[in-house]
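Order of the sequence lines fixes the chain letters, A, B, ..., with proteins taken first and strands second; residue numbering starts at 1 for each chain. No experiment lies behind these values; they were computed from the predicted model shown.
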Amino acid sequence: MVEYNHREIEEKWQKFWAKNKTFKCEADHSKPKYYVLDMFPYPSGTGLHVGHPLGYIASDIYSRYKRLKGFNVLHPMGFDAHGLPAEQHAIDTGTHPSITTDKNIKRYREQLDRIGFSYDWDREVRTSDPKYYKWTQWTFIQLFKHWYNKKTDKAELIEDLVKEFETKGNAETDAVVTPYWYKSINKNLFPFEEDREGIFTADEWKDMTEKQKQEMLMNYRLAYLSDTMVNWCSALGTVLANDEVKDCFSERGGHPVERKLMKQWSLRVSAYAQRLLDGLDKIDWFESLKEMQRYWIGRSEGGAVFFIIKGFEDKLEVFTTRPDTLWGATFMVLAPEHELVEKITTPDRKEAVMKYVECAKNRSERERQAETKKITGEFTGAYGINPVNGEKIPIWIADYVLTGYGTGAIMAVPAHDSRDFAFARHFNLPIIQVVVKEGEQPTDTQTWEDSYDSKEGKMINSGFINGLDVKDAIKSTIKYLEENELGYDTVNYRLRDAIFSRQRYWGEPFPIYYKDGMPYALDENKLPLELPEVDKYLPTETGEPPLARAENWVTEDGYPLETNTMPGFAGSSGYYLRYMDSRNEKEYFSREANEYWRDIDLYLGGDEHATGHLIYARFWNMFLYDLGLVCEEEPFKKLINQGKIQGISNIANVVNIESVSHSIELFRPPEDINKIITYILPPEISLPNCLSIRMPIEFINFENGKYFLTESNLKKIKLKYPKYNNYEIASHEDIEDTWKFFYNEPFDDYTKAYFINKEVELKPLVEKMSKTFYNVINPDDLIEKYGADTFRMYEMFLGPLENHKPWDTKGIEGVYRFIKKLWRLFYDEKGKLIVIDDKPNEKELKVLHQTIRKIQEDIERFSFNTAVSQFMICVNELTDLKCHKKEILEKLIVLLSPYAPHIAEELWSVLGNEPGISYVAFTEFNEEYIKENTFEYPVSFNGKMRFKLELPVDMSKDDIEKAVLAEEKSQKYIAGKQVRKVIVVPKKIINVVV
RNA sequence: GCGGAUGUGGCGGAAUUGGUAGACGCGCCAGACUUAGGAUCUGGUGCCGCAAGGCGUGGGGGUUCGAGUCCCUUCAUCCGCACCA
């Protein structure tokens, strides 16, 4: 081979790997396992851009490295194939989403294969494949059949719960249930009085009808159906999860979202809140990511306190993190949606209160958010009795209390909470100080401008806890409340149950049918329940989900099947388990497979999954752990978020000549109204109504650090993107008149210089890489030009894996030069192999072993960019040494093979080895080769480095000191001054203090 | 407002444990080869200065023989959350 030819080499070895199934892996107990996983992609229609493979390359390098280190590596890939874009495309074109999805997957696969990844494709999963989603449905059935027992702190069978009900009723049951289910449950189905708080006896259970029993059990199931306030997106015809909604608009598509009450399937994720929180301490994730999850789970310790409502039987339960401040509670506030509002409001307040409630209900979250500063509320006319001092305090309703958090009711302590304070001031309610800091005196609350921080201090105005420390006061108050049955110690979580229904077509059907209006799970042997064909992918005329269009969407016995489908995160919550045994038709995965592969040793993906996928998948895994199906409670031992690669958009400064004409009543109106020209101006020239427009990056030239658009490229742009048809690069004459008119000065020579050659400069802007910004760089073109090895190394060379960084194609040349330079160590200009068998010398061995050490250290700490630098240093030095020795080069390419596998395989076989560098042993590091006899000490005076001095490494500190002071060059810096101290750090530094 | 992260040349970045700041690459400058150069090779390149030398890791202060690294303070940018009781 004359020249380095990446096309030939890469195609050759990719074929070789595929043909030999080089990366197929099986459980092998003679080797330690290592499981490396990438978050699988959604195969979009636009294919991969350069940002996508960043994490895949890093994980592939790590996988290949681990293989060289003797590990049995599981490194699979698959596709998150359900999703909205394919469905939207189906709605628009009538093409079945599976056809679109298959096509997109095929394209992704081609692109991935060209980068040379070492995936075991035999284990590929696709979430939309019935063979895969059979197990998603199966897991759902298990969730439906289980409840959470707080006594054993795990999920247990509903059958066992039924047995308990049959013998003892539910008085002793300690389960995670839907809060206050007994208040909202249909009275016909559950005929007991409200003050029973949902407690029934064994006999009462036995007397219930089948339907009543099912209704009751629904409050316990881990997958349950309930009326839920949801984010309804009418444009998409579906419900969205909180994290799929951004500022009241859908994250995908940007359609408006409103709140609506609907019957929805939910997963009782909240049952696992504490375990999800505790588990974070056992796993190696970025601290920032753990913090996000901790915040999302939102544990807060505190107390529940009962307030009697004056004149009613009802107790009003509130949650507070500061029960010690009870004596400072001067009013109460309910959320407008609170179920007691209507009941307790006095007739004279009814109109105002109902108006407020109505108003709050109809206001979108966005409006509520926008008015955070505005204080609103209404007095209900009712009073609560403070349980610690019997004080009568007014009950208000206000927006700032949320239904979904705590009990939807608070005791307001205006002296020590800023929102309560603002509310009290606004409505002129009393403010009582109950905490004072050490060494301070209480002051008149009338004079305050804001609430007083009460995290630390002593209690005042607080009955029997006066004088106590905040910490002790909390304990004492809770003890008192519990002893007098006025409240109890409790913990609250922000984490909500996950809504699991989507009114869409392209998702997993629920394995659920309805009998007498109640849902039942299908038999497991009926799975998978395959997605039916429909005539259109839209909701029905009556607003039912698309599956309602399917003919015969009923069980064999004629019972109607559920028409909702599962959300995107259903299929991705357990895919990592299926990879362990992905061709198993009898089980989700076998016990043996799970016990061998256990958990993911390294999980790589974007941080956008911090609170969605990574919470749901942990929940899913914990549930299967409770069932004894998986052996590790936490599925992702180590997780790294790779940064996003941003695009560079090219911004043109443009002016629409018509808008200029309008704004300054300019001459020259367009002769043909259909040909209004938009002129592209140099960035420095400003005219009224100038706009910034993004120009497609593929037609932009980069010279001398600047971006340019030429006239000939503009023509090409117009051919590809008709929206630019009326764009022209402005000539001097085009805008001379406008300029003169607007600025009342001549268009000078300096400015004229911009218009030579009809070329215009564009300004770069770093932003998200996206088709809509015309800044997408496609890996295919780069691989065609430079090869996959260069592409892989360049992506790593860009910077630390976790950083977000802009893509700069220019720098790839440097890596390409490195690859070619490496090739030159093997072949001369004439294409003659010049590798020789001579014994390596000391210098060559030193470079090699320094590189071994550095590469190993860097890869172990996921510092791939510095490893690439070291390869460059090594090749540069070997080139300088004119080293063409087989013994050195062979070891170097083993080191390099995880990064640039194709050229490594090629050169490996060129040296006469059997093909298969993927499974050789990683080159051993030998300290002997890098030992030095001397060290070149940097000598500083008063901390400033002045010169270097070479000294033997075994020289004693005293001798070094003498040598430095005797050194001629030192005299200049000492210059008659007293040497106060000489610091010698062996093999580091010498510092002389004068 | 709360939580987290990041600030180092013209640019991406390096400096792993307090010990030579700017590795490696891009870009730029000069030169060689060449019909040509957007190929290749050689040398240079933090800033100021002819030099000696001085100044330099967002700003200010501190600890230390010595600080990009540790502490305090402040500013800026980015990300996440947002009336969470």
Side-chain angles (χ1 to χ4, degrees), chain A residues 243 286-292 294-296 298-300 302 318-322 325 329 332-333 335 368-369 371-375 398-402 404-413 416-420 422-423 492-494 607-608 610-611 643-644 701-705 764 793-794 797-800 802-818 820-821 824 829 854 857-858 860-861 863 865-874 876 936-948 980-985 987-994:
Chain A
D243 43 302
F286 289 152
E287 200 48 42
S288 58
L289 183 60
K290 288 194 198 177
E291 271 309 308
M292 243 192 256
R294 283 191 192 109
Y295 182 78
W296 200 254
R299 178 192 160 103
S300 49
V318 304
F319 172 74
T320 173
T321 53
R322 295 295 303 275
T325 61
M332 302 181 77
V333 187
R368 282 201 192 187
Q369 257 176 25
E371 290 173 23
T372 303
K373 297 249 156 53
K374 208 169 135 194
I375 298 157
D399 248 358
Y400 82 90
V401 176
L402 309 174
Y405 188 75
T407 60
I410 63 157
M411 59 175 216
V413 184
H416 305 290
D417 178 284
S418 61
R419 286 158 327 206
D420 295 347
F423 195 84
N492 209 345
Y493 299 93
R494 213 173 68 99
D607 57 8
E608 66 272 24
T611 48
K644 278 192 191 56
N701 295 353
F702 181 79
E703 275 164 52
N704 297 343
M793 291 193 86
Y794 183 56
F797 189 59
L798 278 174
E802 65 275 15
N803 284 14
H804 298 286
K805 54 227 157 192
W807 177 262
D808 168 20
T809 303
K810 213 55 200 164
I812 199 169
E813 296 280 353
V815 176
Y816 192 50
R817 271 175 217 145
F818 155 77
K820 285 191 286 188
K821 211 165 170 181
R824 282 274 160 272
E829 291 84 352
K854 179 86 175 133
E857 276 172 7
D858 285 351
E860 292 284 356
R861 65 191 173 105
S863 176
N865 56 327
T866 52
V868 176
S869 295
Q870 183 60 37
F871 282 124
M872 289 173 169
I873 292 167
C874 182
N876 287 347
E936 196 177 33
Y937 279 95
V939 182
S940 2
F941 292 81
N942 291 337
K944 280 213 181 303
M945 212 281 285
R946 296 301 181 177
F947 60 85
K948 285 176 185 172
R980 294 214 306 238
K981 203 172 177 184
V982 179
I983 285 135
V984 176
V985 183
K987 286 169 91 176
K988 281 269 158 75
I989 199 173
I990 300 162
N991 190 15
V992 183
V993 186
V994 294

- Task: Taking atom P in both U8(B) and U69(B), compute the distance separating them and give it to the nearest angstrom.
- Result: 14 Å

- Item | Lys/Arg N to Asp/Glu carboxylate O, K820(A) vs E813(A), below 4.0 Å | no

- Task: Go ahead and name the base partner of G25(B); Watson-Crick or wobble counts if both distances stay under 3.5 Å, otherwise write none.
- Result: C11(B)

- Rounded distance in Å - CZ (F871(A)) to P (A14(B)): 17 Å

- Is the shortest heavy-atom distance from the side chain of W807(A) to the side chain of L798(A) under 4.5 Å? yes

- Query: So which one's nearest nucleotide on RNA chain B is more toward 5', V993(A) or G799(A)?
  - Reply: G799(A)

- Query: Atom CE of M292(A) to atom P of G4(B): distance rounded to whole Å?
  - Reply: 12 Å

- Round to the nearest Å and state the distance from W807(A) atom CH2 to C11(B) atom P. 20 Å

- Query: If you check every side-chain atom of S300(A), which of G4(B), A85(B), A15(B) has the closest atom?
  - Reply: A85(B)

- Message: Only pairs with both distances under 3.5 Å count, Watson-Crick or wobble alike; so what is the partner of U34(B) in this structure?
- Response: none

- Query: How many Å lie between CD on E802(A) and P on C79(B), as a whole number?
  - Reply: 18 Å

- Counter-base of U6(B), judged by Watson-Crick or G-U geometry with both distances under 3.5 Å: A76(B)

- Looking across every strand, which nucleic acid part, if any, lies under 4.0 Å from P806(A) by heavy atom: base, sugar-phosphate, or nothing? nothing

- Item | Any Y794(A) side-chain heavy atom under 4.5 Å of D808(A) side chain | yes

- Spacing of M793(A) atom CE relative to C26(B) atom P, expressed in whole Å: 14 Å

Polar-atom pairs under 3.5 Å, protein N or O versus N or O of nucleotides 17-25 of chain B: list them with distances, or write none.
{"unit_1": "U20(B)", "atom_1": "O2", "unit_2": "K948(A)", "atom_2": "NZ", "d": "2.9"}
{"unit_1": "A23(B)", "atom_1": "N1", "unit_2": "S869(A)", "atom_2": "OG", "d": "3.4"}
{"unit_1": "G25(B)", "atom_1": "OP1", "unit_2": "N876(A)", "atom_2": "ND2", "d": "3.2"}

- Under 3.5 Å on both distances, the Watson-Crick or G-U partner of C65(B): G19(B)

- Message: Taking the P atom in each of C29(B) and G38(B), what is the distance between them to the nearest angstrom?
- Response: 12 Å

- Message: In this structure, how many angstroms lie between the P atom of U6(B) and the CG atom of D607(A), rounded?
- Response: 14 Å

- Message: Taking S300(A)'s backbone N and O only, do any of them form a donor-acceptor pair with N492(A)'s side chain (distance below 3.5 Å, no angle check)?
- Response: no

- Task: State the pairing partner of G46(B); accept Watson-Crick or G-U wobble contacts with both distances under 3.5 Å, and report none otherwise.
- Result: C55(B)

- Message: Just verifying a value: how many Å separate M292(A) CE and D607(A) CG, rounded to the nearest 0.5 Å?
- Response: 6.0 Å

- Please determine if E857(A) and K854(A) form a salt bridge, counting it only when a charged side-chain N lies under 4.0 Å from a carboxylate O. no

- Sticking with atom P, work out how far A39(B) lies from G27(B), rounded to a whole angstrom. 9 Å

- Message: Return whichever of M411(A) or Y295(A) has its heavy-atom-nearest nucleotide of RNA chain B closer to the 5' end.
- Response: Y295(A)

- Task: Determine: side-chain N/O of R494(A) to OP1/OP2 of G3(B), distance under 4.0 Å, yes or no.
- Result: no

- Item | A82(B) pairs with, by Watson-Crick or G-U criteria that keep both distances under 3.5 Å | none

- Query: Could you state the OH-C1' distance from Y400(A) to A82(B), rounded to the nearest angstrom?
  - Reply: 16 Å

- Note on the structure: The glycosidic conformation of G9(B), counting syn as within 90° of 0 and anti otherwise, is syn

- Query: Can you tell me how far P in U17(B) sits from the matching atom in G9(B), rounded to whole Å?
  - Reply: 23 Å

- Message: What's R294(A) touching, base or sugar-phosphate or nothing? Going by heavy atoms closer than 4.0 Å.
- Response: nothing

- Message: Closest approach to the side chain of L402(A), judged atom by atom: which nucleotide of C83(B), G4(B), G13(B) is it?
- Response: C83(B)

- Nearest 0.5 Å please: distance from the CG atom of N991(A) over to the CZ atom of F941(A). 9.0 Å

- Message: Please check: side-chain N/O of R494(A) versus main-chain N/O of Y405(A), any donor-acceptor pairing under 3.5 Å?
- Response: no

- Query: Counting side-chain heavy atoms from C-beta on, which of A15(B), A85(B), C81(B) comes nearest to Y405(A)?
  - Reply: A85(B)

- Item | C1' gap between G58(B) and C78(B), integer Å | 15 Å

- Could you grab the distance from atom CE of M411(A) to atom OG1 of T325(A), nearest 0.5 Å is fine? 3.5 Å

- Using the C1' atom on both, measure U74(B) against G25(B) and round to a whole Å. 35 Å

- Task: Quote, to the nearest angstrom, the P distance that separates G68(B) from G19(B).
- Result: 10 Å

- Would you mind reading off the distance between E291(A) atom CD and A82(B) atom C1', rounded to a whole angstrom? 16 Å

- Message: Strictly below 4.0 Å: does K981(A) bring a side-chain N or O up to OP1 or OP2 of G66(B)?
- Response: no

- Message: Work out how far the P atom of A76(B) is from that of G60(B), and round it to whole angstrom.
- Response: 16 Å

- For K988(A) and I983(A), run side-chain contact (heavy atoms from CB on, under 4.5 Å): C-alpha distance rounded to whole Å, both residues' side-chain angles, the deciding distance at 0.1 Å, then the answer. CA-CA 11 Å; K988(A) 281 269 158 75; I983(A) 285 135; over 6 Å; no

- Of the nucleotides U16(B), G54(B), G4(B), which one has an atom closest to the side chain of E857(A)? U16(B)

